[in-house]
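Working notes, beginning with the structure itself.
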Amino acid sequence: MSKELELLTDQVCAGYGYDPVNLLPILQEIQQRSEGNYISEEAARIIARKLNITESRVYDVVTYFSALSAVPRGDVIVQICNSTTCSICDNRELVTWFEDELGVKVGETTPDNKFTLIYTHCIGACDIAPAVRINHDVYGGLTREKVRELVASYRAKEAVK
Amino acid sequence: MKQVHEVHFITELFGKYDGSSLQSYLEAGGFKPLQQLLAGGSEKILKEIDESGLQGRGGAAYPTGRKLRQFLSEKAPRKFVVCNADEGEPGTFKDRELLRRNIYQVIEGMIITAVCTQAGEGIIYVREEYTNIHDHIEQAIESCYQHNYLGKNILGSGFSFELRLFSGAGSYVCGEGFAMCESMEGKSGRPRTKPPYVKQAGFLNLPTLVINTETLSAIVSIIRHGAHEFRKYGTAESPGTKLISVSGKVERPGVYEIPFGLTINEIVNGLAGGMKNGKKGNFVQIGGASGGILPARLWDTKYTYEDFSRAGMSVGSGAIVVADTETKLLDYLKVVQDFFNHESCGKCTPCREGNRQLRIIFDKIAAGTATAEDFYRMEIVLDVMGSTSLCGSGKTEVVPFNTAIKYFPEEFAVFAEFEKRAVI
Ligand SMILES: Cc1cc2nc3c(=O)[nH]c(=O)nc-3n(C[C@H](O)[C@H](O)[C@H](O)COP(=O)(O)O)c2cc1C
Ligand code: SF4
Ligand code: FES
C-alpha cells in the first residue's frame with residue numbers, strides 16, 4: 001500500500017515538476033486516483049516530503065477546499081445543492097429520495113463504500129433546480145422514479161469496475 | 001405591460017456556430033476584432049472600450065477601460081491576465097453559458113486584453129463545479145494553439161500569449177482576486193490585505209489582471225460593432241447589455257441578455273414567463289447570496305446600477321432568484337447565512353465571528369427562542385461585519401440581511417413576539 005502510494009505520489013508530483021505552486025492540481029489528481037477518493041494522512045506526508053513543504057500546509061489546503069477530502073469517501077459522490085434557488089425549489093424532497101434509495105443519511109457513506117451523500121453549495125445549475133451533482137455530472141428536474149433509475153445506473157457502472 | 005424581448009449583443013453568436021469548432025467560429029466572424037487590433041493598434045481599441053462605458057461584470061462594476069489602462073502602466077517582465085470563471089454566487093450560471101456556447105469569444109477577449117495591456121500569460125480560472133466543461137475549454141485552447149491564435153508570435157504579429165486552464169477546488173472566496181492568486185499558488189484561498197493590489201502584485205507577486213468571463217466577452221462584441229452600438233442599449237449611467245441568470249419560482253428560468261433599464265416585473269413576468277403555476281411573487285434576491293432582497297411591491301424597480309444603488313443593493317453577479325409566497329423570508333435568510341457560514345475563510349475576525357453570532361441567532365429563530373435583544377445584536381454584528389471585514393465577502397454579506405430588515409420589518413417583529421411568549 002505504502003509503496004503504491006509512494007509511486008503514485010512521485011509520478012504525479014514529477015508531472016508537475018515537484019513545484020509546490022502546483023499543490024492544488026497535484027492533490028486533485030492524487031485524490032482522484034486514490035482508493036477511498038481522499039487524501040490520507042500518509043499521502044499528505046509523502047506529498048509534503050516530495051514538494052519540500054510542511055505537512056500542515058498540505059493539511060490546510062486539503063481541509064480548506066470542498067472538492068478535497070481528508071476522510072475516505074465513496075467512489076460516487078452524490079451532492080445535493082442546498083443553496084438559495086434549490087432551497088426555494090423544494091430540495092428537501094430530493095434529499096429524502098436519495099436517502100431512501102441509498103439507505104444512508106446526508107453526510108454518510110454506504111456500507112459498501114460505493115456512494116457518499118452530501119450537501120453542496122450552488123453548482124451553477126439553478127435553472128434546473130433542485131439540482132444534484134453525481135461525480136462530474138449534473139442533473140435536475142428529477143422525480144422519485146428518475147432518482148431510482150439514476151442510482152441504479154451508477155450502481156451498475158460501479159459493478160462493472 | 002409592454003412586450004419585452006431579449007437582445008443578442010454579447011450573445012450574438014450563441015447557436016450561430018458549433019461552439020466547439022474554431023473553424024466555424026471563424027466562419028461566423030470570429031477573430032475579426034483581434035485582426036482589427038493587430039492592424040490598428042491597441043490605443044484605438046482602448047478608446048473604444050472607454051467610450052462604451054463598459055463596467056466590470058464580476059460584481060464590482062469598475063470601468064473596464066480604466067482598469068485596462070491602469071494594468072498597462074504596470075511594468076514587469078511577466079504579467080498575467082486571469083479570466084474569472086469561478087462563478088460562485090448562488091443563483092448565477094451565465095458564465096457557464098458563455099463558456100459552453102461561445103468559448104472562443106472568451107479566449108479572443110483574453111488575447112485582446114493581453115495584447116492591449118502587454119501581458120504574456122493567461123489563465124482561465126474555472127470553478128471545480130464546472131469540471132464537466134473543462135475538456136471543452138481545453139480543446140478550444142488547443143485549437144487556438146494549433147492555428148497560432150495562441151503561443152509565440154500570434155499570426156505573425158510579434159506578440160506572444162500563453163494560455164491555460166486552472167481548476168478551482170470548491171471555494172466561493174476564491175472568486176476574490178487575491179484568494180484566487182493564493183489558490184493558484186497552491187495555498188488555501190484566503191484574501192490578502194491591500195495594498196498592494198492584485199494588479200500590482202497578484203499571482204506569484206507579479207502584476208495580475210483578474211477579469212470576469214462576461215466582461216471579456218463584451219469587449220469582443222464592443223470591438224466588433226463599435227461602442228456606439230453598445231450604448232444604444234441601456235441608460236446613460238448603465239450603458240449596454242447584461243447577462244442575467246433568472247431562477248427560482250418562474251416558468252422559464254434561464255440566462256437572458258437584457259438591455260439595462262428593464263424592470264424586475266418585465267424580467268419576471270415577461271422574459272421568464274411569469275411566476276410558476278401562477279403563484280404570487282414574494283421577493284427576489286438580486287446579484288447572488290450577497291445581494292439585496294427586493295419585495296414584490298417594488299418590482300417596478302429598473303435593472304440598472306443606479307436604481308439598485310438607490311434601493312440599497314447592486315447588480316452583483318447578475319443573478320435574480322425569484323421566490324413566491326410559499327418561501328418564508330426568514331427561512332430563506334437562514335439558507336443565505338448557512339452559505340456564508342460555510343464559505344467564510346476565517347481569516348478576519350469580523351466575518352468569522354460575525355457569522356458564528358449570526359448562526360446562533362438564526363438557530364434561535366428556527367427554534368422560536370429568539371428575543372428582541374437578539375435582533376439588536378444582529379444589527380450590531382451586521383454593522384461591524386459590513387464596515388470592517390477584510391474582503392468583499394464579509395462586506396457584502398450584510399446586504400441581504402439589511403435589505404430584508406428594511407423592506408420586511410414585519411417579518412422581524414417575530415423577535416419581539418418570541419420574547420413576549422417567553423415572558424409569559
Ligand atoms: C468573495 C468574492 C467572490 C467573488 N466571486 C467572483 C466570481 O465568482 N466571478 C467574478 O467574476 N468575480 C468575482 N468576484 C469579484 C472579483 O474579485 C473581481 O472584482 C472581478 O473578477 C473583476 O472582474 P471585472 O472587472 O470584469 O468585474 C468576487 C469577489 C469577492 C469578494
Ligand atoms: S471577510 Fe470573510 S471571507 Fe473575506 S477575508 Fe474576512 S473571513 Fe475571509
Ligand atoms: S442554487 Fe442550487 S444549483 Fe444554484
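Letters go in sequence order (proteins before strands), and every chain restarts at 1.
- Of the atoms belonging to Arg127(B), it is side-chain heavy atoms, and not backbone ones, that fall under 4.5 Å from chain A.
- The contact between Val322(B) and chain A is made entirely by backbone atoms, counting heavy-atom distances below 4.5 Å.
- The choice from Ile53(A), Ile123(A), Asn82(A) that makes the most heavy-atom pairs within less than 4.5 Å of chain B is Ile123(A).
- Note: Phe93(B) leads Phe93(B), Tyr172(B), Tyr332(B) in heavy-atom pairs under 4.5 Å with chain A.
- The aromatic rings of His121(A) and His342(B) sit tilted, their planes meeting at an angle between 30° and 60°.
- For the residue pair Glu89(B) and Ser290(B), a side-chain donor N or O sits within less than 3.5 Å of a side-chain acceptor on the partner.
- Side chains of Asn37(A) and Asp75(A): no donor on one and acceptor on the other come within 3.5 Å.
- Taking the six-membered ring wherever Trp is involved, the centroid distance between the rings of Phe166(B) and Phe203(B) does not fall below 6.0 Å.
- The residue from Arg101(B), Glu6(B), Glu257(B) that alone fulfils the side-chain hydrogen bond (donor to acceptor under 3.5 Å, both in side chains) condition with Thr11(B) is Glu257(B).
- Looking only at atom types and distance, the side chain of Asn341(B) has no donor-acceptor partner in the side chain of Lys334(B) under 3.5 Å away.
- Sparse packing is recorded around NZ of Lys276(B), with 12 or fewer heavy atoms of other residues, nucleotides or ligands lying under 6.0 Å away.
- We find that Lys280(B) and Glu326(B) are not joined by a salt bridge, their nearest charged nitrogen and carboxylate oxygen being 4.0 Å or further apart.
- For the set Pro253(B), Ala169(B), Pro90(B), the entry with the most heavy-atom pairs within less than 4.5 Å of chain A is Ala169(B).
- Side-chain polar atoms of Ser183(B) and Tyr125(B) form a donor-acceptor pair below 3.5 angstrom.
- Residue-level contacts of residues 10-25 of chain A with chain B, in order of numbering, are Pro20(A), Val21(A), Leu23(A), Leu24(A), Pro25(A); threshold 4.5 Å between heavy atoms.
- For the pairing with Ser247(B), the side-chain hydrogen bond (donor to acceptor under 3.5 Å, both in side chains) check across Thr84(A), Asp127(A), Thr85(A) returns one residue only, Thr85(A).
- Contact tally against chain A (heavy-atom pairs below 4.5 Å) for His134(B), Lys187(B), Gln285(B): the top residue is Lys187(B).
- Between chain A and the options Cys345(B), Gly254(B), Gly189(B), Gly91(B), the largest number of non-hydrogen pairs under 4.5 Å is found for Gly189(B).
- The contact between Glu128(B) and chain A is made by backbone and side chain atoms together, counting heavy-atom distances below 4.5 Å.
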